[in-house]
Amino acid sequence: MEGLLKLLSDGHARTVEMLAAELDTSVSDIARKLEYLEIIGVIRRVSLSNGGCSGNCSGCGGCSGHTGDGKRDSAPCKGCIPDEGFKNMGVMWEVV
Amino acid sequence: MSTGVTVALLGQPNSGKSTLFNALTGLRQHVGNWPGKTVEKKEGSFTHKGKEYKVADLPGSYSLSANSDEEVITRDYIASGEADVACILADSSQLQRSLFMLADYAGIDVPCFLLLNMSDVAAEQGKKINAGAIEEKLGIPVIPFSATDKKSYDVFYEALGTVIKNKGMLNVEKLNTQYESIIGYREIYELIPENVIPGYSAMWIAVKALENDKVVMAKLRAALDDQTYSRIEDAKKNAQGAVATGGCKFAWIDDILEKAVDAGDKKISLSFLDKIYTSRIWGKPAVILTVLLGLIASFIPAIPLMIVGSLILAVKAPVMGVLSSIGCPEILTLIIGDVVIQSFSYIFKMLGFVFGVTLVFGLLEEVGVMARISYVFDNTMGKLGLQGKSVMPFLVSFGCTMGGAAGARVIDNWGQKVLTIALAWAVPCGAAWATVPMLSTIFFGPGAVLVIVAVLLTMLLHMWITAKIFGAKLVKKEDRYGMIMELPPYHKPKWGALFRYVFGRTKETFIRVTKVIMLVCGVFWLLSYSPSGENGGILYTIGVAIDPVTRLFGMPWQLFLSYVASAVGKEGAIGVISALYNGGSYSAGFMDAMNGAATAGNLNELLLANVSKPEALAFIFAITFNMPCVVALAATYQETHSAKWTSIIVLYYTVVSLVLAFLAYHIGLLIW
Ligand SMILES: Nc1nc2c(ncn2[C@@H]2O[C@H](COP(=O)(O)OP(=O)(O)OP(=O)(O)O)[C@@H](O)[C@H]2O)c(=O)[nH]1
């Protein structure tokens with residue numbers, strides 16, 4: 001587990017498969033450990049849904065500019081990214 | 001209280017507790033709340049062989065830590081002794097993971113047995129589980145089970161009976177040995193008297209203390225004398241924490257499962273494509289190739305809209321002819337022809353590229369290639385001092401820099417956030433993707449592809465240099481983290497959703513672009529209009545005056561003004577061009593070139609009449625790397641809260657874009 005954490009904080013990006021290979025273990029082992037580390041708050045899942053607009057876009061003042069007239073409809077961010085965000089970008093975690 | 005035995009069902013979410021609970025109790029259940037909590041309390045009862053049993057379906061939770069009310073309720077309920085037997089459910093299809101609940105339970109002094117639920121699923125996956133071997137190691141009944149299969153319930157009742165009779169406790173010796181390896185464990189363990197918190201063993205409490213479990217620490221403080229408690233607090237300071245205890249639990253699980261599970265865990269091998277993408281050597285070239293091919297491919301879906309654009313231009317002369325023949329005022333005829341029709345011709349051509357690029361890159365995202373691209377660039381970003389999540393703002397910036405700047409909000413380190421935004425400015429936004437390829441095709445015909453490639457390579461270099469310049473000030477070495485990515489499997493695109501997105505985005509762009517271009521084009525056209533028909537107008541006078549300076553950067557005054565307008569929005573540049581160079585010559589020239597119809601001499605003649613190729617190249621680089629637009633500027637200020645850095649970024653981009661224009665012009669002069 002500490003070995004995993006060390007790899008996570010060394011500034012490189014890795015896939016789960018690469019972690020498993022480097023630590024000489026299985027992908028499911030890495031997956032359960034990542035789950036645990038996420039639950040105890042050591043790592044955090046990166047939201048790739050809609051860049052900081054988290055859901056309702058209410059915090060995203062700039063996005064209203066898209067409609068040109070400042071009117072904020074339910075999804076002012078459309079045009080930037082697909083409706084439900086990037087769906088198929090995989091899962092990313094970062095060390096907190 | 002009735003005299004019957006109480007069974008508590010314990011398991012992680014989706015382990016099948018509710019299924020078992022419902023099957024056992026049928027209609028004999030009621031749902032309430034735990035006292036003082038909003039957590040659901042499900043109780044029921046059943047009779048088996050004339051005996052009465054009570055069942056409590058405890059809230060599903062990952063473990064028994066103090067992370068949530070559910071978990072604290074669950075463990076306190078069991079440890080309180082209200083339940084006589086705990087039935088722990090684990091998911092047979094993923095025992096490695098789901099036995100964590102059992103590992104966290106170890107040390108609670110209540111007899112228990114383990115249900116390996118979903119054994120049908122495990123069997124389907126080809127996993128063979130030797131429950132007997134696990135049973136031997138744990139010292140409690142371990143039964144393969146399937147909550148959805150009523151026929152397997154006999155073994156459940158049987159095991160329940162055994163546990164009630166033998167009061168079998170979980171064997172935790174090996175787990176304790178694991179914990180002994182943790183720095184600080186023994187010290188804390190020895191400070192904890194047995195039964196200091198009823199129901200929990202000293203081992204369990206010591207581990208929770210290491211994990212800094214708030215509830216357990218509060219109970220210890222209340223139960224222990226001050227001196228002992230502060231010694232525990234002291235010991236914790238140098239001790240390992242939850243990462244180490246979790247590691248021990250997993251190691252214990254692995255030990256239990258060793259030889260007991262024939263996982264059938266085929267070593268998953270990376271697909272051929274992923275081998276290339278994740279290769280340290282080939283990853284980058286492969287990604288760059290993918291992006292380039294993607295860009296080239298996006299010219300194809302652009303063609304229909306490009307044709308519409310030229311058709312619009314083709315009606316310009318007839319319409320203007322009709323208008324003047326019916327006695328329409330000259331200025332109105334000119335506005336309709338030179339401003340409206342001319343602009344719409346450009347707008348449709350721009351939309352062609354927006355449509356093409358969005359479609360191709362949306363498709364790459366859908367099938368899972370984008371994830372690989374961002375993975376490969378992530379390592380590079382680490383080197384630039386950025387976090388993995390900067391991928392997001394960059395990707396969004398391809399659509400809209402403002403969205404990218406707002407998206408940088410997810411980065412909590414201020415320096416990295418500013419750096420991310422500064423770099424996101426270099427990413428060509430949707431408007432740039434509309435303007436730049438269109439201009440390139442006008443000036444360079446099929447050679448536009450090469451220009452786009454050069455623009456992209458320049459972008460990478462630009463970002464790299466910018467990161468070096470700004471990074472030194474903004475990011476400290478220790479702020480840099482690695483990141484983990486689970487690459488999604490490749491899959492077929494959902495065409496419906498994809499096209500909805502692409503059309504939505506094209507429509508959005510259409511509306512915005514039309515507004516900007518019409519406005520800018522109208523204003524500039526009026527400024528350059530002179531009723532006499534000869535070159536006049538205020539703009540012309542100013543233009544001629546500044547021309548010697550603007551030529552330094554390789555741009556005639558018309559293009560320079562258009563560059564200035566591009567700071568408002570890249571589309572603005574097209575508005576200016578549309579106003580200042582009207583006439584269908586370029587567009588027609590391009591379409592002919594694309595169709596291979598025109599003779600080279602003819603095309604050159606038309607272009608050289610107004611703009612030389614080096615000038616065009618200079619202009620393209622200038623507008624691509626100019627500041628994205630005023631709204632992005634506002635968003636940048638809003639996110640960075642720093643007028644200083646916002647102006648530094650603006651200044652930097654203006655200077656760099658002019659320098660790039662200068663370089664492009666001179667390189668262009670060497671070529672042509
Ligand atoms: N194939 C199979 N499916 C099962 C089995 N046990 C449960 N399921 C299914 O797994 C799903 C989850 O079961 P639940 O009983 O809702 O799980 P739970 O532990 O109560 O989940 P929470 O309510 O989230 O705590 C349901 O769709 C069940 O039908 C089993 O032994 N085999």
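Lettering of chains follows the sequences in order, A, B, ..., and the numbering in each one begins at 1. It should be emphasised that the depicted structure is a prediction, and the values quoted were computed from it without experimental measurement.
The side-chain heavy atoms of B/Cys248 and A/Met1, taken from C-beta on, include no pair separated by under 4.5 Å. Within the 4.5 Å cutoff, no side-chain heavy atoms of A/Glu17 are placed close to those of B/Asp274.
Ranked by heavy-atom pairs under 4.5 Å with chain B, the list A/Leu5, A/Asp29, A/Ile30 is led by A/Asp29.
A tilted orientation is assigned to the rings of A/Tyr36 and B/Phe100, their planes being inclined by 30° to 60°.
Proximity to chain B (any heavy atom under 4.5 Å) is shown, for A/Ile39, by both the backbone and the side chain. For B/Ala244, the parts sitting under 4.5 Å from any heavy atom of chain A are the backbone and the side chain alike. For a residue to count as touching a neighbouring chain, one of its non-hydrogen atoms must lie under 4.5 Å from one of that chain's; by this rule B/Ala242 touches chain A with backbone and side chain alike. Proximity to chain B (any heavy atom under 4.5 Å) is restricted, for A/Leu34, to the side chain, taken from C-beta onward. With a 4.5 Å cut-off on non-hydrogen atoms, B/Leu498 does not touch chain A at all. Of the atoms belonging to B/Gln94, not a single heavy atom falls under 4.5 Å from chain A.
Annotation: the span from A/Ser28 atom OG to B/Leu95 atom CG amounts to 11.0 Å, rounded to 0.5 Å. Atom CD1 in A/Ile40 sits 11.0 Å away from atom CG in B/Asn212 (nearest 0.5 Å).
Residues B/Val243 and A/Glu2 approach most closely at CG1-OE2, 4.2 Å, considering heavy atoms. Heavy atoms only, all atoms of each residue included: B/Tyr62 and A/Arg32 are closest at OH-O, 4.1 Å.
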